[in-house]
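The shown structure was predicted, so the numbers you read here are calculated from the model rather than taken from an experiment. All chains are named by letter (A, B, ...) in the order of the sequence lines, taking the proteins before the strands, and each is independently numbered beginning at 1. Side chains included, hydrogens not; waters and symmetry mates left out as well; all remaining heavy atoms used.
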Amino acid sequence: MTTQPTPMLQIEDLKVHLPLEEGVLKALDGVTLTLNHGQTLGLVGESGCGKSMTAQSIMRIAPRFAQMQGRINFHRASGQTLDLASLDPQGDTIRSIRGGEISMIFQEPMTSFSPLYTIGNQIIEAIRLHRTKDPKESTAIAEDMLARVGIPDASATLNKYPQQLSGGMRQRAMIAMALSCRPALLIADEPTTALDVTVQAQVLKLMRGVQAEFGMSILYITHDLGVIARMVSEVAVMYLGRIVEQSTVDDLFYAPRHPYTQALLKSIPRMGKKAKHRLESIQGSVPVPINTPTGCGFVSRCPVAIHGLCDRVNPPLVPVDNGHSVRCFLYPEVVAAAQQEGAVQHVS
Amino acid sequence: MGKYILKRLLYVLIVLGLVSLVVFYIINLPPGSWVENYANELEATGSPADRSELDFLTTRYGLDQPLHVQYFRWIVPLLTSGDFGYSFEWRQPVWSLIADRLLLTIIVSLISLVFVYAVAIPIALYSATHQYSAGDYFFSFIGIIGLATPNFLLALLFMIIMLRVFGVSPGGLFSPEYLTAPWSPARVWDLLIHLPVPVIVVGTSGTASVIRILRSQLLDEFQKQYVITARAKGLSERWLILKYPFRMALNPIISNIGTLLPGIISGSTIVAIVLGLPMTGPLLLRSIIAQDTYVAAGILMMLSVVTVIGVMLSDILLAWLDPRIRFEKSN
């Protein structure tokens, strides 16, 4: 932490709209996010808030009919900066980055590999695309990676089919595949959600281990705040296609600013709390972001919404404290920023 | 795998044994026999029947015996010496009567099968990768018309086109001069230029259904996580689709051979009648009407053999292609 952090990925005002029959679904509605070299950034939020869409947009593997606006600036190791959002999603440039410089681990270890090919075939395929065409060398790399992620008898596993491995082993193989091309950025989209708790703990430990070893940046997507506390240094909270709060992990847990984050933290089950108490939950459910009105996305569920303001104007994401940004009109800095932009009239 | 194939072969033998029973029973369901009908017919016209010949046939095939005795008198020589029996109507051994037609039926059916896949697979791939595009709608439209048009109508249409546009004699699998000629390169060529019409007519509905099955299979597979994982590796889209979702979507298509083949063989009967093709269909129909028992039984048995072996081959192919089935079978 002695050197000045340098950004690796800068997402600016990213909008992804899906034109559906019912209307336009605003999956991402202006996401702004910065990920530094070597950093682990957590992205939390409920199902459907746009976490996975953010990941898919970076990889450019979002559905083909999705309309994309904004910038995703990726600073490559070569020093070149590339706007991933402007690339042809099937072009050579993004394909050389995808799986190579940026790779991804998915939520479903059970279905992430094709059952028709061996694990080795599917891992070596990625290595041949990005690292070496040499068959012997690529096999050796795959075997080495499988051994590093803690798969016993790695060379035998290469010749096994996915259905011969347990869920935990498959997720390890998935991690091995994602790391096999030494990515600068690893996107982990709920990698432990489908695993049982003991396996989850092993995989989390493994991921921390490989990060220490390889030193890549990680974008860790989850809805599990417990995992966030163990895995990341910085957190961004997403709601309805927007980042509503971003801070260090300690700040977020001890001094949450946004009403949504506060509600989210209250609804975590805690040990020692009396069983008599009902678990708190957030009122209502996440609205479907089709034809959303202007204003803050959380207004319909917010206990402290300011009538006449929150339902009219979408608050900007503004730093309110050292390294702590929030998108909520409860904070004077946010109101001031909105006034400066001219979005809000001066009120007493 | 060897054990699996042996097991399948055993099933084939059992199925064929049962088929032979059912076939023989059903053919003999109508009252009377060919010999009786023939004798009655001759008596009605006033000319005396050759009693000695009729008696010979009756005793040779045990037509006066109960059905199970007749069955064994048919099946035993068939199994021991490949003797399919005797056609009452044509006055010649059944095998010499059906051999050529059977060969042509198998040729037309197999070429139709190849035609079905050769046309359907590229169209389905295009339609699935260009879902809701103008081309997709166009092929869906053509496909539905192909499914809905009766084969005989298509056959008539093609006969007109072939005659008017290409000047090829419509109908049949050979030009008149080659009809009874021995096999020669010229005869094979004559067969080849006559094949497109029956193949297209017989294959159209199969093509349409394979396009629909494969297209929806592919669209289903495109959504699967393993496809997204593969895309996230940086594979090219074309290679990705062929290696992952297409390979997966082929499974139901391959197992579909088993249902497509009998469909083509039986579907070709009407077409063969309309186009006047020297295939087994028309002969089968006539032999059933005339109660020419051994011709009907022989054709049905041979078609069953072809179908059952076709299904077995498609199953073995499937097991060979899909590791999941392989493991299931070996366990």
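Contacts of A:Ser112 with chain B are made by both backbone and side-chain atoms, with heavy-atom separations under 4.5 Å. Using a 4.5 Å cut-off between heavy atoms, A:Leu116 touches chain B through backbone and side chain atoms alike. Using a 4.5 Å cut-off between heavy atoms, A:Arg64 touches chain B through its side chain atoms alone. When heavy atoms are compared at a cutoff of 4.5 Å, A:Met110 does not approach chain B at all. With a 4.5 Å cut-off on non-hydrogen atoms, A:Tyr161 touches chain B through its side chain but not through its backbone. Only the side chain of A:Gln90 comes within contact range of chain B, judged by heavy atoms closer than 4.5 Å.
If you tally non-hydrogen atom pairs under 4.5 Å between each of B:Gln225, B:Glu237, B:Arg231 and chain A, the highest count goes to B:Gln225. Most heavy-atom pairs under 4.5 Å with chain B: of the set A:Gln163, A:Glu125, A:Gln164, this distinction falls to A:Glu125.
In summary, the aromatic rings of B:Tyr244 and A:Tyr117 are positioned with their centroids under 6.0 Å apart.
Between the A:Asp83 side chain and the A:Ile72 main chain, a donor and an acceptor come within less than 3.5 Å of each other. In this structure a side-chain-to-backbone donor-acceptor pair under 3.5 Å is missing from A:Thr192 to A:Leu195. A donor-acceptor pair under 3.5 Å links the side-chain atoms of A:Ser180 to the main chain of A:Met177, judged by distance alone.
Side-chain polar atoms of A:Ser114 and A:Gln122 form no donor-acceptor pair below 3.5 angstrom.
The residues A:Arg182 and A:Glu101 are annotated as not salt-bridged, no charged nitrogen and carboxylate oxygen being separated by less than 4.0 angstrom.
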